[in-house]
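Have a look at the structure below before the remarks.
In what follows, every heavy atom counts, from backbone to side chain, and hydrogens, waters and symmetry copies are set aside.
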Amino acid sequence: MSRMSVAVSGATGYAGGEVLRLLSSHPELHVTTACGHSSAGDRLAVHQPHLLAYGDMIVKPSTAEVLAGHDVVVLALPHGASGEIAAALAETSRETLIIDLAADHRLISPAAWEAFYGSDHPGTWTYGLPEMLLADGTKQREQLRSTRRIAVPGCNVTAVTLGLGPLLQAGLIEPTGLNAVLANGVSGAGKALKPHLTAAEILGNASPYGVAGTHRHVPEIEQNLNLALGADPAEGPVRISFTPTLIPVSRGILATLSAVPAGGAQLTREAVAEVYAAAYADEPFVHMLAEGTWPQLSATTGSNTAHLQVGIDERAGRIVTVVALDNLVRGTAGQALQSAHLALGLPEATGLPTGGLAP
């Protein structure tokens with residue numbers, strides 16, 4: 001079997017670079033084209049010096065004409081930019097597997113997209129979170145086996161969905177009053193130069209953003225959790241208070257999630273842990289830690305594995321779940337390839353790392 005050709009648009013950014021890193025030793029997928037915007041005409045090594053396998057590749061313009069004709073196209077572009085290119089590719093590349101790392105095709109509700117992104121809805125693609133639980137007892141991976149268009153989740157959304165989905169599906173928590181506070185590495189904000197992301201501003205600092213229901217990931221989180229309940233993805237009962245916070249690390253998300261037990265039930269930690277064990281027992285990329293061990297960012301760096309732990313706050317009457325993951329791997333490029341493997345009929349775990357880097 002000949003290796004399949006891959007083009008990566010946005011190859012000079014963090015997400016595109018991580019896709020290239022994971023593909024550099026892939027046995028079935030072969031990167032033949034790297035695209036950019038202002039970087040077009042440069043050697044890729046100028047922008048991604050760590051990617052020795054692709055250093056001499058010349059960055060081409062990110063146009064539909066350049067991307068057409070590949071077996072796989074990865075769009076690692078800013079939100080709002082991939083929809084136009086995807087639409088242009090639609091007629092000429094129907095059999096091409098197109099993977100969008102931006103938000104353009106994640107939301108089911110056009111109204112939710114327009115409310116949070118302020119433009120016309122580009123359309124809905126198959127959602128690229130294989131382990132996501134659905135109300136009928138299946139997981140999202142089954143839908144990925146027969147698609148040619150994949151919308152990869154947001155990295156914050158991945159952490160919250162993996163952490164709260166099993167509890168909602170099992171009926172253990174109330175769908176309202178959910179709370180999520182996330183500590184985020186700065187690479188999640190992208191590679192473009194922004195004053196608040198410079199070393200002088202971020203080192204020794206921590207700052208919230210998208211506070212009080214304004215963050216664009218809110219409708220995506222609620223959509224996923226409503227689907228776990230079998231409710232309308234946009235009008236279902238799920239409501240979450242979501243607060244991401246920038247911290248001075250390059251990679252990683254540490255999500256602290258809390259919820260009220262359904263009906264005021266008195267739950268034990270063991271009973272809740274059993275729900276997670278049942279949901280993720282056979283999942284190579286979601287790991288429930290031993291009791292008493294809590295997730296930490298450094299253990300997930302470079303890995304496609306999310307680490308998870310749960311506890312019961314009896315005094316406050318809440319279930320507390322903590323999830324750690326690498327936002328660029330498990331939160332973006334890694335699960336993009338997981339999803340691509342399913343769509344292409346390859347083993348899902350092909351070439352993806354389960355172990356992190358230490359120290």
Side-chain angles (χ1 to χ4, degrees), residues 15 18-19 21-29 72 74 97 99 101 126-134 137-147 150 152-167 169-170 224 228 251-255 257 272-291 293-310 321-358:
E18 198 69 356
V19 171
R21 184 180 72 85
L22 294 176
L23 288 175
S24 63
S25 57
H26 200 285
E28 303 290 349
L29 302 177
V72 180
V74 179
L97 176 61
I99 306 166
L101 304 189
T126 307
Y127 200 69
L129 181 49
E131 301 94 342
M132 187 172 81
L133 297 169
L134 303 176
T138 64
K139 293 183 179 178
Q140 183 66 13
R141 67 166 44 85
E142 298 308 316
Q143 298 187 27
L144 287 161
R145 297 186 193 279
S146 58
T147 189
I150 296 172
V152 179
C155 49
N156 292 311
V157 180
T158 299
V160 179
T161 302
L162 292 175
L164 293 179
L167 302 183
Q169 192 199 49
N224 294 354
R251 290 174 179 249
I253 292 174
L254 187 71
L257 318 171
V272 177
E274 285 178 5
V275 170
Y276 284 112
Y280 299 132
D282 299 322
E283 297 293 350
F285 300 121
V286 183
H287 181 58
M288 183 76 177
L289 301 179
E291 183 177 2
T293 303
W294 290 91
Q296 50 187 311
L297 290 186
S298 61
T300 66
T301 302
S303 164
N304 194 50
T305 306
H307 290 191
L308 184 149
Q309 184 56 277
V310 65
T321 301
V322 177
V323 181
L325 54 80
D326 184 323
N327 59 294
L328 291 177
V329 188
R330 173 69 251 206
T332 307
Q335 66 186 0
L337 293 185
Q338 265 186 269
S339 301
H341 295 154
L342 289 164
L344 296 169
L346 300 172
E348 185 177 336
T350 302
L352 292 173
T354 57
L357 303 173

Heavy-atom closest contact (A336 atom, V152 atom, distance): CB-CG2, 3.7 Å

Distance in Å, L134 CG paired with N224 CG, rounded so as to fall on 0.5 Å steps: 9.5 Å

Distance-minimising heavy-atom pair for A340 and I99: CB-CD1, 3.6 Å

Closest approach of S339 to L144 (non-hydrogen atoms, all atoms of both residues): OG-CD1, 3.7 Å

SB check E348 R145 (cutoff 4.0 Å): no

Whether Q140 side chain and Y127 backbone form a donor-acceptor pair below 3.5 Å: yes

Residue list, side-chain hydrogen bond (donor to acceptor under 3.5 Å, both in side chains) with H341, at least two apart or on another chain: H26

Criterion side chain to side chain contact (heavy atoms under 4.5 Å, CB included) against D326, the qualifying member of T301, L297, I253, N304: T301

Spacing of S303 atom OG and L357 atom CG [to the nearest 0.5 Å]: 8.5 Å

M288 side chain near Y280 side chain, heavy-atom distance below 4.5 Å: no

Inter- and intrachain pairs under salt bridge (Lys or Arg N to Asp or Glu O under 4.0 Å), touching residues 279-289, at least two apart: K139-E283, R141-E283

Under 3.5 Å side-chain donor-acceptor pair for T321 and Y276: yes

Residue pair T158 / Q335, side-chain donor-acceptor N/O under 3.5 Å: yes

Side-chain touch H307/Q296, heavy atoms, less than 4.5 angstrom: no

Nearest heavy atoms of L308 and G163, plus distance in Å: CD1-CA, 4.2 Å

Test item: S24 side-chain N/O and R21 main-chain N/O as donor-acceptor pair under 3.5 Å: yes

Test item: E131 and L162 side chains (from C-beta on) under 4.5 Å apart, heavy atoms: yes

R251 side chain near V329 side chain, heavy-atom distance below 4.5 Å: yes

Spatial distance of atom CG (L342) from atom CD (Q143) [nearest 0.5 Å]: 12.0 Å

Distance-minimising heavy-atom pair for V275 and P166: CG1-O, 3.5 Å

T350 side, atom OG1; L29 side, atom CG - distance, nearest 0.5 Å: 8.5 Å

Heavy-atom pair with the smallest gap, counting every atom of A279 and L133: CB-CD1, 4.0 Å

Check against side-chain contact (heavy atoms from CB on, under 4.5 Å), L352 and F285: CA-CA 9 Å; L352 292 173; F285 300 121; 3.7 Å; yes

Within-4.5 Å side-chain heavy-atom neighbours: T300 and T305: no

Side-chain donor or acceptor of T332 paired with backbone N/O of N327 under 3.5 Å: yes

Side chains of T161 and P153 in contact at under 4.5 Å (non-hydrogen atoms): no

Heavy-atom check, side chain of P295 versus side chain of Q309, under 4.5 Å: yes

Pairwise side-chain contact, V72 with L344, heavy-atom cut-off 4.5 Å (strictly under): yes

E28 side chain vs L346 backbone, donor-acceptor pair below 3.5 Å: no

